[in-house]
Amino acid sequence: MPEAEGLLEMFQAISDSYDWLTARLEKASESASDDFVSRVAAYCPNARPVQLPERLQILTQLMVAGQRTTTNALAAAALRIAVIPGLESRLRDDMSRLPEFVDEVLRLEPPSTGLYRLATRSTRLGGVDVPAGSYAFISYHAANLDPDGFAAPEELRFDRPDKPRHLSFGGGPHRCPAEPLARLMVTAALEQLLRQVSDLRLAVEPQELTYHPSWAIRGPVSLPMLFNRATAPVDGVTQAEHRPMVVDRVSLAADRIIEVVLSSPSGQDLP
């Protein structure tokens, strides 16, 4: 928990970032650009007025969910490659296992550790009374390490015979809509890393790493590493993920949002 001075600095930084984004929104509203800030500045669904705080939250969510979490997931994966003996060579020998490795890293160290939820009625969870109107922090990280759901939950096992779904992307109607993109980005980045470097190792001891002081977004401040230039070529995996598909149905799900239902040409279940 930061001291009062640290809290003041944090809130001042948030205020400064909102001032900067507000200026960008005002400038974007006067131009005809097609960048994301301009789209947010012009956002007006069904002629409903969108106030400035909502526009600021859209941009903030993009920065956190679209950049910070992916950066942290990459760092968590690279860190394990650097400190677990034999892992790098195992992945380089069979890059087709890279998506499974990424999934297991996401389970062990979700970029977003959890979120607050408001109790709409009094209840009892895990032997703890949760009064109506109170907030509870729901930890995805703790659920991912539940021994009732995962054998040897704290071990990295990307060849688990059972593939239970972890909660790093949430669940139900609140599940992260960008999950497939996030998985592809992390997998593609690691593939390029392993193509270009070898003998990846930490330049400091693991206990010397400093993590951002956040209750929800976990990741190291920096990740100093040593490596050599890769000499042996490796077969990639992201290109192999491309597959022909059949469009079964296209429907309008919401204003300017379509739902596309895809299936395999052979009728087999998709991965």
Side-chain angles (χ1 to χ4, degrees), residues 62-113 141 144-145 150 152-163 165-166 168-169 176 178-212 214 217-245 270-271:
L62 176 74
M63 288 190 295
V64 175
Q67 186 273 334
R68 175 59 64 83
T69 53
T70 304
T71 302
N72 291 346
L74 279 169
L79 176 60
R80 280 165 171 78
I81 293 174
V83 301
I84 298 178
L87 178 57
E88 179 184 333
S89 60
R90 185 180 176 189
L91 290 172
R92 289 174 63 85
D93 290 344
D94 186 1
M95 293 279 274
S96 68
R97 308 305 298 273
L98 204 51
E100 293 177 291
F101 168 67
V102 169
D103 186 69
E104 184 72 344
V105 170
L106 289 167
R107 180 189 70 83
L108 283 168
E109 194 161 352
S112 179
T113 63
H141 200 175
N144 290 350
L145 299 179
F150 304 90
E154 297 191 17
E155 293 183 13
L156 176 70
R157 292 184 179 180
F158 56 91
D159 54 356
R160 294 174 179 272
D162 54 333
K163 299 289 184 183
R165 297 187 69 178
H166 57 70
S168 296
F169 290 99
C176 174
E179 176 184 351
L181 178 61
R183 290 179 180 276
L184 180 61
M185 289 172 64
V186 176
T187 302
L190 289 175
E191 178 182 315
Q192 291 303 316
L193 180 70
L194 294 172
R195 280 176 178 271
Q196 299 184 42
V197 306
S198 64
D199 195 21
L200 202 64
R201 56 203 185 276
L202 269 181
V204 298
E205 294 298 322
Q207 60 269 24
E208 297 179 33
L209 294 176
T210 301
Y211 282 75
H212 290 288
S214 171
I217 306 296
R218 176 171 171 78
V221 175
S222 63
L223 193 63
M225 310 197 82
L226 301 172
F227 51 85
N228 298 326
R229 182 186 296 272
T231 55
V234 293
D235 294 327
V237 65
T238 51
Q239 290 83 358
E241 289 295 305
H242 295 172
R243 65 183 72 235
M245 303 287 286
L270 294 170

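Note that the coordinates shown come from a computational prediction; the quantities given were computed from them, not determined experimentally. Only heavy atoms go into these numbers, but all of them, side chains included; no hydrogens, no water, no symmetry mates.
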Atom CD of Glu154 with >12 non-hydrogen neighbours under 6.0 angstrom: no
What distance do Arg97 atom CZ and Leu87 atom CG have between them, rounded to the nearest 0.5 Å? 11.5 Å
Sidechain-backbone polar pair: Ser89 side chain, Gly86 backbone, donor-acceptor under 3.5 Å: yes
side-chain contact (heavy atoms from CB on, under 4.5 Å) assessment of His166 paired with Phe150: CA-CA 9 Å; His166 57 70; Phe150 304 90; 4.2 Å; yes
Rounded distance (nearest 0.5 Å) linking atom CD1 of Ile81 with atom CG of Leu91: 5.5 Å
Point-to-point distance, once rounded to the nearest 0.5 Å, from CE of Met225 to CG of Leu193: 8.0 Å
I'd like to know if the side chain of Arg92 reaches the main chain of Leu194, judged simply by a donor and an acceptor atom lying under 3.5 Å from each other, with no hydrogens or angles considered. yes
Is His212 reaching over with its side chain to a backbone N or O of Arg218, donor-acceptor style, under 3.5 angstrom? no
Within the side chain of Asn144, is there an N or O that forms a donor-acceptor pair under 3.5 Å with the backbone of Arg107? yes
Are Pro220 and Thr210 packed together at the side-chain level, in the sense that at least one heavy-atom pair is separated by less than 4.5 angstrom? no
How long is the gap from CG on Leu200 to CG on Leu79, to the nearest 0.5 Å? 9.5 Å
May I have the step-by-step check of side-chain contact (heavy atoms from CB on, under 4.5 Å) for Phe169 and Thr69, ending in yes or no? CA-CA 11 Å; Phe169 290 99; Thr69 53; over 6 Å; no
Give me the atom names and distance for the closest heavy-atom approach of Ala76 to Glu109. CB-OE1, 4.0 Å
Return the set of residues passing side chain to side chain donor-acceptor pair (under 3.5 Å) with Glu88 (not counting sequence neighbours), or none when no residue passes. none
Atom of Leu202, atom of Pro224 and distance for their closest heavy-atom approach: CD2-O, 3.5 Å
Rounded to the nearest 0.5 Å, what separates atom CG in Leu181 from atom OG1 in Thr70? 7.5 Å
Closest non-hydrogen atoms of Val186 and Ala73, given as atom of the first, atom of the second and distance, are CG2-CB, 4.0 Å
Cation-pi check, Arg80 onto Phe101 ring (under 6.0 Å, within 45° of axis): no
Before you tell me yes or no, could you show the steps for Asn228 and Arg201 under side-chain contact (heavy atoms from CB on, under 4.5 Å), namely the whole-Å CA-CA distance, both residues' side-chain angles and the distance that decides it to 0.1 Å? CA-CA 10 Å; Asn228 298 326; Arg201 56 203 185 276; 4.2 Å; yes
How long is the straight-line distance from CG of Leu108 back to CZ of Arg157, given to the nearest 0.5 Å? 11.0 Å
Pro99 and Leu184, any side-chain heavy atoms less than 4.5 Å apart: no
Under the side-chain contact (heavy atoms from CB on, under 4.5 Å) rule, what do Leu209 and Val221 come out as? Steps first, then yes or no, please. CA-CA 8 Å; Leu209 294 176; Val221 175; over 6 Å; no
Exercise: identify the closest heavy-atom pair between Val105 and Ala77: CG1-N, 3.7 Å
